[in-house]
Structures are given as C-alpha cells and as structure tokens.
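This report refers to the structure that appears directly beneath it.
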Amino acid sequence: MRNDIPMARVDERGKITEEKIVEIDDKGSITNEFSYFIINMTIKNKTDKVLEKNLGEYCITFYDNNNKVINGGEPILTNKEDNGRDKHYFYYNLQPHEELTTDLIYIMWDNYLDYNNVELTIGSVDYRVRGQQWKTLKVRY
C-alpha cells in the first residue's frame with residue numbers, strides 16, 4: 001500500500017481548507033488522525049451478460065448531524081490480490097449471474113466518524129450535491 005496518501009478537508013464550495021499526508025507505518029497501520037473506513041459489500045450480476053464494474057466509482061460522502069456535507073472520498077483499495085499495482089485495479093468483469101463480495105477501503109479523518117452519517121454512492125458524482133440520479137445507500141456503523 002502507498003504510504004504517502006494526501007488528504008484534504010474541503011468547505012461547502014469544495015475549496016480545500018486543510019491538507020495533510022496520511023502517515024502509515026511498515027505494518028500498514030495509520031499513525032495520525034485518520035482511520036481506515038471499510039465497507040464490505042456484495043454485488044450480484046442478475047443478467048446473462050458480462051458487466052464491467054468500476055469499484056473506484058463507489059464513493060462515500062460524510063454528513064454532519066444536520067445532514068450538511070462535510071467531506072467525501074473514493075476507495076483507495078479493495079481486497080483484490082494485486083494491491084493496487086494494476087492500472088485497471090478497480091475494474092472487475094462480473095460474469096453472468098456471478099456474485100462478488102469485496103471490501104472497499106477508504107481513509108477518512110477520525111472526527112468524521114463521530115457523526116455516523118455516511119452515504120455510499122454508486123457512480124461518479126460530485127460529493128457536494130446530494131440526491132443525484134445515482135444509486136445511494138445509507139451506511140451505518
């Protein structure tokens with residue numbers, strides 16, 4: 001895994017207000033004010049066709065207690081075997097009627113986890129706009 005992952009806080013207009021590097025030790029543990037945020041999910045192809053899935057488009061959005069967007073993110077890893085070295089790492093060809101269970105691994109600021117108000121959005125989105133035409137799932141932890 002990379003050990004130089006930049007993170008940013010943004011305001012409601014999307015302007016960066018703070019930037020930091022996530023500190024990760026040799027064992028993969030985060031040593032500063034960030035945490036891994038892992039969503040285990042199963043995707044099922046209910047069709048008779050091969051479907052190409054881009055797991056990198058499964059974005060998360062964090063909201064405060066007033067449902068105001070406070071930040072968002074894209075996965076940095078899944079539990080696929082190549083650990084992110086392949087440039088098509090997030091793409092997966094889901095065979096007809098195949099079921100894929102995987103972890104989507106994100107990194108978030110620790111204090112965002114206090115709100116327990118997260119949505120997983122399937123598709124490329126602008127995280128500042130809620131309720132677009134993409135599929136959105138509520139995440140509870």
Side-chain angles (χ1 to χ4, degrees), residues 1-14 16-141:
M1 177 189 283
R2 293 176 46 191
N3 61 359
D4 62 344
I5 299 169
M7 294 293 288
R9 290 185 195 267
V10 296
D11 63 18
E12 58 276 353
R13 296 167 295 167
I16 294 174
T17 60
E18 181 180 0
E19 292 181 281
K20 282 200 168 183
I21 298 294
V22 177
E23 297 171 10
I24 301 175
D25 67 18
D26 293 339
K27 295 179 183 176
S29 298
I30 296 175
T31 59
N32 57 348
E33 65 264 29
F34 299 94
S35 293
Y36 291 109
F37 187 83
I38 301 169
I39 297 175
N40 179 271
M41 65 183 307
T42 300
I43 305 167
K44 185 173 183 176
N45 181 356
K46 296 180 181 181
T47 73
D48 293 327
K49 300 177 183 176
V50 174
L51 298 177
E52 183 181 75
K53 292 292 183 184
N54 179 359
L55 300 176
E57 292 185 340
Y58 286 61
C59 303
I60 56 173
T61 305
F62 283 84
Y63 299 90
D64 67 14
N65 291 331
N66 297 314
N67 284 327
K68 178 183 170 197
V69 172
I70 53 175
N71 216 332
E74 298 172 350
I76 59 160
L77 283 173
T78 72
N79 57 353
K80 287 174 61 178
E81 295 299 318
D82 67 359
N83 293 319
R85 291 185 291 271
D86 177 4
K87 71 178 186 173
H88 297 294
Y89 171 70
F90 285 106
Y91 287 88
Y92 185 82
N93 287 324
L94 203 57
Q95 299 303 310
H97 306 285
E98 180 184 6
E99 202 170 274
L100 169 69
T101 299
T102 188
D103 290 331
L104 297 178
I105 304 168
Y106 306 81
I107 293 178
M108 280 295 128
W109 300 79
D110 285 341
N111 65 324
Y112 292 168
L113 300 175
D114 294 341
Y115 293 110
N116 193 14
N117 193 359
V118 179
E119 289 180 350
L120 173 69
T121 306
I122 302 168
S124 296
V125 300
D126 179 343
Y127 71 89
R128 294 166 295 172
V129 180
R130 195 172 193 177
Q132 294 184 20
Q133 67 267 24
W134 294 274
K135 176 113 177 140
T136 302
L137 306 170
K138 199 68 164 165
V139 178
R140 292 288 182 210
Y141 51 93

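Values reported hereafter were calculated over all heavy atoms of this structure, with side chains retained and with hydrogens, waters and symmetry mates removed.
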Once you round to the nearest 0.5 Å, how far does [atom1] of [X] lie from [atom2] of [Y]?
X      : Y      : atom1 : atom2 : answer
Asn111 : Asn71  : CG    : CG    : 9.5 Å
Thr42  : Leu100 : OG1   : CG    : 7.5 Å
Leu55  : Thr102 : CG    : OG1   : 6.0 Å
Leu94  : Lys53  : CG    : NZ    : 7.0 Å
Asp114 : Ile70  : CG    : CD1   : 9.0 Å

Between [X] and [Y], is any pair of side-chain heavy atoms under 4.5 Å apart?
X     : Y      : value
Ile21 : Pro6   : yes
Val50 : Pro96  : yes
Ile24 : Tyr36  : yes
Ile39 : Tyr106 : yes
Asn67 : Asn117 : yes

Checklist entry - For Asn40, which residues count as a side chain to side chain contact (heavy atoms under 4.5 Å, CB included) partner, sequence neighbours excluded? => result Thr101, Asp103

Item to check | With Asn54 via side chain to side chain contact (heavy atoms under 4.5 Å, CB included) - residues at least two apart | outcome: Glu57, Phe90, Tyr91

With sequence neighbours left out, what residues match [X] under side chain to side chain donor-acceptor pair (under 3.5 Å)?
X     : value
Asn32 : none
Glu33 : Lys20
Glu98 : Tyr92
Ser29 : none

So, for [X] and [Y], which heavy atoms are closest and what is the spacing to 0.1 Å?
X      : Y     : value
Leu113 : Ser35 : CD1-CB, 3.7 Å
Glu19  : Ile16 : CG-CG2, 3.4 Å
Lys44  : Glu99 : CD-OE1, 3.6 Å
Asn66  : Asp64 : N-OD1, 2.8 Å

Next on the checklist: Test of understanding: with ring-ring contact (aromatic ring centres under 6.0 Å, His included), list the residues that count as partners of Phe34, not counting sequence neighbours.
Outcome noted: Trp109

Item to check | Short side-chain to backbone donor-acceptor contact, Thr17 and Arg9, under 3.5 Å | outcome: yes

Checklist entry - Do side-chain atoms of Asn45 reach the backbone of Gln95 as a donor and acceptor pair under 3.5 angstrom? => result yes

Checklist outcome for this item: Contacts of Glu52 meeting salt bridge (charged side-chain N to carboxylate O under 4.0 Å, His left out) (sequence neighbours excluded), chain-then-number -> none

Next on the checklist: What verdict does the side chain to side chain contact (heavy atoms under 4.5 Å, CB included) test give for Ile60 and Met108, after you've listed the backbone C-alpha separation in whole Å, the side-chain angles of each residue and the deciding distance to 0.1 Å?
Outcome noted: CA-CA 10 Å; Ile60 56 173; Met108 280 295 128; 4.1 Å; yes

Item to check | Pair Tyr58-Ile43, side chain to side chain contact (heavy atoms under 4.5 Å, CB included): steps then yes or no | outcome: CA-CA 12 Å; Tyr58 286 61; Ile43 305 167; 3.5 Å; yes

Checklist entry - Does Phe62 have its ring centroid less than 6.0 Å away from the ring centroid of Phe37? => result yes

